[in-house]
Peer 1: 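Here it is, the structure in full.
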Amino acid sequence: MALKPKDYRSELEPVWCTGCGDYGVLKGLTQAFADLELKPENLGVISGIGCSSRLAGYTRSYSFNSIHGRALPIATGLKLARPELNVVVVGGDGDGFSIGLGHIPHAIRRNVKLMYAVLDNGVYGLTKGQASPTTATEFKRDRGLAGIEERPLNPVLLVLSSGCGYVARTHAGNLPHLRATFREALRYPGFAFVHVLAGCVTYQTPTYAEEIYRRCDLLPESYDPSDFARAVDAARGERFALGVLYRRPPDQPPAVLPAELAGEAGVWAPAPETADLPPGDAG
Ligand code: SF4
C-alpha cells in the first residue's frame, strides 16, 4: 500500500513556534518522500543543532539530531556504510554556515549522494535571536545587536563556487514548490544542495519576512540549469531565484568561477553598497 506523507512522521509533535517556516519544510519533505515511495526503513535524516535541526526527530527514519555543524560528516559516514539508505541532511544557516562551514566544500568534492537542505532564516532562533552568517546588516541594527557589521554570506554562490553539481532554492511558504524541489533533489545521484528561505516569526520582524517573499521569483521555463555562468548570475542577482539553479551530470568535473569574478569580494558576500539586503542577495 502506498505510503502517505503522514506515514513519514514520527510520534513526536514539533515544538516550533506557531507560524515557524520549519512546519512547511517538514510537510514538503514528507510529501516528497511519499511521492518517491521511499521506505522509512531506507531513510536516514541527519541534522545538526538548532530549531530546524529538530526536524530529524519528527521524521520516521533513521534520524539523528546530532552535534552543532557536524551533520554532513555524520551523514557521509552513514551513506558510505549503508549505501542503500536515502540520506537527507537538514540544518539551519547558523549550523551550516558558521561552525559547519568547513564541511561543506569537502562534502561537495566527495560528491557522495546526499541531499543537504539548509533552512535559512537569517538568525539563530534556538539561542534567541543572535546574528547568523546570513543575517542582513539592516536586521542586526533593528535587533540592536552591537558590534556585528560583517556582510552576510551568499549560500548559493558559496556552494556553486565550491563545485556543487546540484543547487536549488525554494521557499518554506510555497508548499508545492518545496515538495517538487525536494523530490528532484532527492533524485540527483550526487551531492545536492537546497537553499530553503525559511521565516522565523519570533526573531525576525514581519517586514523582513515579507521583504524576502516579495523578492522571490520562479525561474522561467526557458532557464537552462546546465549553464553555470547563468547560475552564477542568478545567484548574484538582487532577487531570490527559486528553482533548480544548477545541475550537471555527476560524472562531469565541476565548473569553476569565471576569472573576472573569482577576485571580486562580492562573490562571497554582497558588495558594500548592497550590504543591507537580506541574505542571499548580492549584486
Ligand atoms: Fe522557528 Fe524562530 Fe521559533 Fe525557532 S525561534 S521555532 S526558527 S519561529
Side-chain angles (χ1 to χ4, degrees), residues 5 8-31 45-59 63-71 88-101 116-145 148 152-153 155-156 169-175 177-179 181-182 193-216 240 242 278-281:
Y8 295 89
R9 287 286 312 279
S10 71
E11 67 283 0
L12 293 177
E13 278 305 311
V15 294
W16 294 314
C17 308
T18 302
C20 176
D22 296 351
Y23 285 100
V25 177
L26 178 60
K27 194 161 187 174
L29 189 62
T30 54
Q31 286 176 339
V45 181
I46 312 298
S47 63
I49 294 293
C51 290
S52 52
S53 287
R54 292 182 185 274
L55 190 147
Y58 303 145
T59 63
S63 67
F64 187 16
N65 187 180
S66 70
I67 41 179
H68 203 202
R70 310 299 176 209
V88 172
V89 187
V90 288
D93 40 291
D95 181 271
F97 302 132
S98 187
I99 190 170
L101 183 65
Y116 181 30
V118 175
L119 283 54
D120 183 359
N121 56 19
V123 72
Y124 283 93
L126 192 68
T127 49
K128 304 205 180 304
Q130 297 87 352
S132 87
T134 59
T135 305
T137 50
E138 62 190 18
F139 175 62
K140 291 169 198 165
R141 287 196 286 274
D142 284 351
R143 297 288 306 164
L145 297 173
I148 304 170
L153 284 180
V156 165
R169 186 192 274 133
T170 184
H171 191 289
N174 187 337
L175 193 54
H177 196 268
L178 267 176
R179 177 183 194 161
T181 302
F182 286 144
F193 177 82
V194 181
H195 185 219
V196 185
L197 296 166
C200 171
V201 291
T202 301
Y203 295 110
Q204 284 176 344
T205 63
T207 332
Y208 183 92
E210 282 164 18
E211 179 65 7
I212 298 275
Y213 199 76
R214 195 184 62 74
R215 289 192 194 179
C216 287
F240 294 105
L242 304 186
D281 279 347

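When a ligand or atom number is given, it counts from 1 through the structure's own listing order. The figures here come from the full heavy-atom set of this structure, side chains too, leaving out hydrogens, waters and symmetry mates.
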Peer 1: Which protein heavy atom lies closest to atom 8 (S) of ligand 1, and at what distance to 0.1 Å?
Peer 2: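 Atom 8 (S) of ligand 1 sits closest to the protein heavy atom Val201 N, 3.5 Å.
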
Peer 1: Going by heavy atoms in the side chains, are Val118 and Asp95 under 4.5 Å from each other?
Peer 2: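 Side chain of Val118 against side chain of Asp95, heavy atoms only: no contact under 4.5 Å found.
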
Peer 1: In ligand 1, which numbered atoms sit nearer than 4.0 Å to a non-hydrogen atom of Tyr203?
Peer 2: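 The list of qualifying atoms is 5 (S).
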
Peer 1: Between atom CG of Asp22 and atom CH2 of Trp16, what is the distance when rounded to the nearest 0.5 Å?
Peer 2: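 The distance works out to 5.0 Å.
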
Peer 1: Give me the residue, atom name and distance of the protein heavy atom closest to atom 4 (Fe) of ligand 1.
Peer 2: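 The protein heavy atom lying closest is Cys51 SG, 2.4 Å.
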
Peer 1: Which of the numbered atoms in ligand 1 are under 4.0 angstrom from any heavy atom belonging to Cys20?
Peer 2: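 Selected atoms, number and element: 1 (Fe), 6 (S), 7 (S), 8 (S).
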
Peer 1: Taking the side chain as everything from C-beta on, heavy atoms only, tell me whether Val90 gets closer than 4.5 Å to Val196.
Peer 2: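 When only atoms from C-beta onward are counted, Val196 and Val90 do not touch, as no gap falls below 4.5 Å.
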
Peer 1: Please give me the minimum heavy-atom distance between Ala71 and Ser66, naming the atom from each residue.
Peer 2: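 Smallest interatomic distance, heavy atoms only, reads CA-OG, 4.0 Å.
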
Peer 1: Using a distance threshold of 2.8 Å, state whether an N, O or S atom of Cys17 lies below it from atom 4 (Fe) of ligand 1.
Peer 2: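 So Cys17 does not bind atom 4 (Fe) of ligand 1 by this criterion.
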
Peer 1: How many angstroms lie between atom CG of Leu29 and atom CG of Leu55, to the nearest 0.5 angstrom?
Peer 2: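 Here the rounded value is 6.0 Å.
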
Peer 1: State the atoms of ligand 1, each with its element, that fall below the 4.0 Å cut-off from a heavy-atom position in Trp16.
Peer 2: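 Under 4.0 Å from Trp16, ligand 1 has these atoms: 6 (S).
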
Peer 1: Considering only protein heavy atoms, which is closest to atom 2 (Fe) of ligand 1, and at what distance to one decimal place?
Peer 2: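 Protein heavy atom at minimum distance: Cys200 SG, 2.3 Å.
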
Peer 1: Using heavy-atom distances, let me know which of Leu119, Leu126, Asn121 sits nearest atom 7 (S) of ligand 1.
Peer 2: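 Among Leu119, Leu126, Asn121, the closest heavy atom to atom 7 (S) of ligand 1 comes from Asn121.
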
Peer 1: Indicate yes or no for a side-chain donor-acceptor contact from Arg70 to the backbone of Gly48 under 3.5 Å, with no hydrogens or angles considered.
Peer 2: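 Checking the backbone N and O of Gly48 against the side chain of Arg70, no donor-acceptor pair under 3.5 Å is found.
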
